[in-house]
Amino acid sequence: MRVPGSGAHTVSDGERDDEESSGGRHALSALLREVALGDLSAFESLYRELSGAVFGVARRVLVDTAQAEEVCQEVFLEVWRTSARHDPSLGSVDAWVLTIAHRRAVDRVRSEQAASDRLTAVGRLEPRATPHDTVPEQVEHRLEREKVRRCLRKLTEPQREAVRLTYYTGYTQRQVADLLRVPLTTVKGRLRDGLIKLRDCLGVTV
């Protein structure tokens, strides 16, 4: 609003919210650019910023908490692998990440339903159980999940444990260090090396 007799402009609550939202989007974009360059600390920051929202989306779709946690970790592994491919002109970073979360959660529901339908069919094929146009997508994501699991198995036990505790249980690096009774720098090193190995194993190029 304008103060009578003054040329000064007072920023409204709506304008302030817009500015803060814009600043947040720019910050996420900057983080994602660093992630694309292999910056682990930037990835940690991005995870802290968006993991709650990602888990919320997965939880609403899947209901089951354990499955939502698995999907949440799959989402951030995909973000780590494909960060360089994000096109800012197609949407904000948070919208992109949440879209991945929703897609993966829906894929999980379809996969679970298809498995349930096959069991109840007692060996009979049921055309309506898995619509033809969703089969390639389901197969692709199932193979992708298996590839991630296979690559995780290639990590050393300390690396795998650090990744699991940080990204599958949501502990901070400091909490992981306390839990494992090792220095924080050791945890950071295991995470960095583990994520680099994952990226190499999954064939991601920056």
Side-chain angles (χ1 to χ4, degrees), residues 28-51 54-55 57-58 62 66-87 93-94 96-108 110-112 115 135-177 179-180 182-206:
L28 290 176
S29 294
L31 284 174
L32 191 66
R33 286 195 295 271
E34 294 301 315
V35 171
L37 296 174
D39 189 322
L40 181 58
S41 63
F43 181 62
E44 289 290 331
S45 297
L46 191 70
Y47 180 86
R48 286 195 299 270
E49 289 292 329
L50 297 177
S51 58
V54 168
F55 176 78
V57 168
L62 291 162
Q67 290 205 48
E69 289 174 348
E70 286 187 11
V71 166
C72 186
Q73 307 321 313
E74 290 174 5
V75 168
F76 280 98
L77 282 174
E78 181 171 345
V79 169
W80 171 252
R81 294 162 45 206
T82 64
S83 52
R85 302 177 195 169
H86 174 252
D87 184 352
V93 172
D94 53 341
W96 175 63
V97 174
L98 293 180
T99 296
I100 294 173
H102 186 265
R103 187 192 72 229
R104 281 191 170 271
V106 170
D107 287 344
R108 178 68 69 94
R110 287 173 175 169
S111 179
E112 292 294 320
V135 171
E137 185 178 355
Q138 288 181 18
V139 171
E140 179 182 353
H141 287 291
R142 191 175 299 116
L143 291 174
E144 187 176 351
R145 287 198 297 272
E146 179 54 36
K147 186 176 182 181
V148 170
R149 294 190 185 101
R150 188 167 62 251
C151 287
L152 281 169
R153 289 195 293 269
K154 291 184 178 181
L155 302 183
T156 65
E157 180 58 32
Q159 291 168 349
R160 187 163 54 249
E161 186 174 41
V163 170
R164 180 182 63 81
L165 288 172
T166 303
Y167 299 112
Y168 278 72
T169 64
Y171 288 124
T172 65
Q173 291 182 14
R174 170 64 67 184
Q175 289 171 329
V176 172
L179 186 65
L180 299 179
V182 298
L184 178 59
T185 53
T186 298
V187 171
K188 288 180 178 290
R190 291 175 181 177
L191 282 171
R192 182 188 63 249
D193 294 343
L195 288 172
I196 289 173
K197 281 187 178 180
L198 278 176
R199 177 175 274 185
D200 292 343
C201 177
L202 293 166
V204 179
T205 56
V206 179

Report task. Evaluate whether atom NE2 of His86 has more than 12 neighbouring non-hydrogen atoms of other residues, nucleotides or ligands under 6.0 angstrom away. Result -> yes

**Report entry** Spacing of Leu50 atom CG and Trp96 atom CH2 [to the nearest 0.5 Å]
**Finding:** 10.5 Å

Anything under 3.5 Å between a donor and an acceptor, one on a side chain of residues 187-198, the other on a protein residue two or more places apart or in another chain? List them.
| unit_1 | atom_1 | unit_2 | atom_2 | d |
| --- | --- | --- | --- | --- |
| Lys188 | NZ | Gln173 | OE1 | 2.9 |
| Lys197 | NZ | Gln159 | OE1 | 3.4 |

Requested in this report: Taking all non-hydrogen atoms of both residues into account, name the closest pair between Val75 and Ala101 and its distance.
Outcome: CG2-CA, 3.5 Å

Query raised in the report: Do you know which two heavy atoms are closest between Val71 and Ala58, and how far apart they sit?
Result: CG1-CB, 4.0 Å

Report summary line: Interatomic distance, CG@Leu152 vs CG@Leu77, rounded to 0.5 Å, equals 6.5 Å

Query - Pairwise distance OG1(Thr99) to CZ(Arg104) - rounded to 0.5 angstrom - result: 13.0 Å

Requested in this report: Might you point out which heavy atoms bring Trp80 and Val35 nearest each other, and give the distance in Å?
Outcome: CE3-CG1, 3.8 Å

Report summary line: Separation between OH (Tyr47) and CZ (Phe43), nearest 0.5 Å, reads 8.5 Å

Report summary line: Residues Glu34 and Ala42: closest non-hydrogen pair is CB-CB, 3.5 Å

Report task. Determine the minimum heavy-atom distance between Ser51 and Arg48, stating which atoms define it. Result -> OG-O, 4.1 Å

Report task. State the CZ-OG distance between Arg81 and Ser83, to the nearest 0.5 angstrom. Result -> 11.0 Å

**Report entry** Pairs flagged by salt bridge (Lys or Arg N to Asp or Glu O under 4.0 Å) wherever residues 151-162 is involved - sequence neighbours left out
**Finding:** Glu146-Arg153, Glu157-Arg160

Requested in this report: State, yes or no, whether a side-chain contact exists between Leu46 and Val93 at a heavy-atom distance under 4.5 Å.
Outcome: yes

Query raised in the report: What distance do Asp94 atom CG and Leu32 atom CG have between them, rounded to the nearest 0.5 Å?
Result: 11.0 Å

